[in-house]
2 protein chains.
Amino acid sequence: MLARVSSTPSFKRLPRAVREQQMLDAAVKVFSRRGFHAASMDEIAEDAGISKPMVYAYLGTKEELFIACLHRETARMMLAIAGAAAPDLPADQRLWRGLRAFFGFVGAHRDGWAVLYRQARGSQPFAAELAAMRARLVEVVAGMLDHALRARGREVAGTELEVVAYALVGASESLADWLADHPEAEPEKTATRMMNVAWLGAAQLLDGVTWRPPVD
Amino acid sequence: MLARVSSTPSFKRLPRAVREQQMLDAAVKVFSRRGFHAASMDEIAEDAGISKPMVYAYLGTKEELFIACLHRETARMMLAIAGAAAPDLPADQRLWRGLRAFFGFVGAHRDGWAVLYRQARGSQPFAAELAAMRARLVEVVAGMLDHALRARGREVAGTELEVVAYALVGASESLADWLADHPEAEPEKTATRMMNVAWLGAAQLLDGVTWRPPVD
DNA sequence: AAGCATACCTACTCGTGCGTAAGGTTACGC
DNA sequence: GCGTAACCTTACGCACGAGTAGGTATGCTT
């Protein structure tokens with residue numbers, strides 16, 4: 001209705017791609033601090049140095065915005081991991097490199113990643129997104145285990161492997177949560193601990209050692 | 001303002017304690033299905049077969065209601081676990097019994113527990129509640145490990161144990177999530193798988209076998 | 001049978017925040 | 001130097017849902 005008095009020369013006009021990144025940065029920040037529901041589009045817009053309708057014009061509704069955040073962050077993380085765990089390394093080396101990259105990433109994006117991630121686990125609409133990316137991770141880990149097994153001339157049912165992989169991924173996520181809550185903790189050390197829990201067990205499984213429930 | 005025409009004989013008047021349980025049942029159900037924010041007090045009240053002001057009168061605000069749900073469910077779970085894992089058993093037996101009880105509980109309360117639990121991880125106000133109860137679990141597990149270590153004449157720094165315990169608890173939580181999402185999966189089998197991942201590794205740690213990062 | 005506490009209801013208020021309509025301003029091609 | 005398209009704004013509509021005011025029924029006690 002009322003035009004802004006053209007005293008402020010308004011801020012720089014920037015190309016869409018740049019603004020989108022600024023918005024995503026702001027969104028990640030605010031979603032992390034407040035949680036999905038407590039975060040307001042107004043605050044995100046303000047934090048991005050832009051007005052609300054721009055956010056709607058570029059990134060869509062609040063849900064779509066959150067999903068866009070998730071996508072960007074997961075893509076960055078997968079890239080970091082994939083870049084570190086070259087497929088031609090032996091299994092334990094791959095696992096180690098992958099874990100180190102993973103915890104390194106989380107450590108460097110404490111409020112960015114971990115909190116965003118925790119948000120997504122809860123609410124319906126995002127669970128699917130998250131499940132998809134976890135599935136990719138599980139697949140990678142399961143593939144690693146399978147590869148190692150074949151190298152030893154052994155074989156295990158697919159489901160079995162998948163569940164073990166799921167447990168490993170889950171343990172890593174939990175330690176990542178722990179890491180995000182302990183600012184003084186070192187990512188590298190956390191990765192080492194994870195190896196101690198995961199690999200010692202997994203290695204035995206790979207060698208055919210299994211635990212069977214007692215008959216009671 | 002306007003009185004209800006006294007045609008319906010209204011429903012049975014029940015003592016407070018009974019109504020409270022009905023309300024909590026309904027709340028758990030609705031919170032699970034919808035998530036904390038999407039759940040409405042109206043729906044909870046309706047599902048409990050009561051009107052909204054009663055819920056406020058008995059259980060307080062929405063947040064307080066959710067926390068009441070958390071308390072009841074965690075108390076039930078801790079009871080189930082503590083009852084199963086008698087402290088005089090050897091470590092592997094205790095772990096096995098405890099895990100079996102845990103997964104049994106989750107399997108029996110799929111939508112009750114697991115989803116409620118997932119909710120709580122996200123939002124600020126409940127994270128504390130949840131952290132407290134996880135801390136108790138971690139403490140129990142760490143105590144078990146410590147006990148087993150002393151029995152073998154060895155000793156490890158407290159933090160180290162805590163982190164390992166945290167990883168084990170985390171892996172269990174993740175498998176619980178998996179279980180909750182797979183209606184056809186058997187709790188007992190899941191517990192066995194968890195033992196295979198966790199115990200084989202933990203047992204080696206207890207025996208002093210550790211993994212060290214390569215120098216690259 | 002009056003008294004009183006407890007159980008229970010309908011029908012509101014009101015803040016909050018998503019999403020949008022409608023219009024102003026700058027850059028860039030020609 | 002002028003149109004046009006992309007960029008950006010203020011200011012609002014509107015739904016939804018938490019929490020409450022105020023009144024009614026029921027049963028236990030004396």
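The chains referred to below are lettered A, B, ... by the order of the sequence lines, with proteins before strands, and numbering in each begins at 1.
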Subject >> All ring pair (Phe, Tyr, Trp, His ring centres under 6.0 Å) counterparts of A:His182, not counting sequence neighbours >> reply: A:Trp178

Subject >> Residue A:Gln21 excluded, over 12 heavy atoms near CD under 6.0 Å >> reply: yes

Original post:
Tell me, which of residues 53-70 of chain B have any heavy atom that sits under 4.0 Å from an atom in DNA chain D?
Top reply: B:Pro53, B:Tyr56, B:Thr61, B:Lys62

Subject >> For A:Phe66, all residues meeting ring pair (Phe, Tyr, Trp, His ring centres under 6.0 Å), sequence neighbours excluded >> reply: A:Phe31, A:Phe36, A:Phe126

Subject >> D:dA6 phosphate, OP1 or OP2, under 4.0 Å from A:Arg19 side-chain N/O >> reply: no

Subject >> Degree of bending in the helix from C:dA1-D:dT30 to C:dC30-D:dG1 once both end axes are built from five pairs, to 10° >> reply: 0°

Original post:
What pairs with A:Phe102 under ring pair (Phe, Tyr, Trp, His ring centres under 6.0 Å), at least two apart in sequence or on another chain?
Top reply: none

**OP:** Give the nucleotide from the list D:dT10, D:dC7, C:dC18 with an atom nearest to the side chain of A:Lys52.
**Re:** C:dC18

Original post:
If you look only at pairs with a residue in residues 66-87 of chain B, which of them pass as a salt bridge (Lys or Arg N to Asp or Glu O under 4.0 Å), with sequence neighbours excluded?
Top reply: B:Asp25-B:Arg72, B:Glu73-B:Arg76

Subject >> Qualifying residues under side-chain contact (heavy atoms from CB on, under 4.5 Å), relative to A:Gln93, sequence neighbours excluded >> reply: A:Leu89, A:Pro90, A:Arg97, B:Pro214

Original post:
Among B:Asp146, B:Leu161, B:Val164, B:Leu168, which residue meets the side-chain contact (heavy atoms from CB on, under 4.5 Å) test with B:Val141?
Top reply: B:Leu168

Original post:
Please give, in whole Å, the distance from C:dC28 P to A:Leu14 CG?
Top reply: 12 Å

Original post:
Is any side-chain N or O of B:Arg13 under 3.5 Å from a base N or O of C:dT6, one able to act as donor and the other as acceptor?
Top reply: yes

Subject >> Over all atoms of both residues, closest heavy-atom pair of B:Ala48 and B:Met23 >> reply: CB-CA, 4.0 Å

Original post:
For A:Glu129, which residues count as a side-chain contact (heavy atoms from CB on, under 4.5 Å) partner, sequence neighbours excluded?
Top reply: A:Ile67, A:Leu70, A:His71

Pick out the pairs of N or O atoms, protein on one side and nucleotides 13-15 of chain C on the other, that lie under 3.5 Å.
none

Original post:
Do A:Trp96 and B:Trp211 have ring centroids that are under 6.0 Å from one another?
Top reply: yes

Subject >> All ring pair (Phe, Tyr, Trp, His ring centres under 6.0 Å) counterparts of B:Phe105, not counting sequence neighbours >> reply: B:His109

Original post:
What integer distance in Å separates B:Glu20:CD from C:dA7:C1'?
Top reply: 13 Å

Subject >> For B:Glu173 against A:Ser174, the heavy-atom pair lying closest together >> reply: OE1-OG, 4.5 Å

Original post:
Can you list every salt bridge (Lys or Arg N to Asp or Glu O under 4.0 Å) pair that touches residues 52-65 of chain A, not counting sequence neighbours?
Top reply: A:Asp42-A:Lys52

Original post:
In residues 24-42 of chain B, what residues come within less than 4.0 Å of DNA chain C, judged by heavy atoms?
Top reply: none

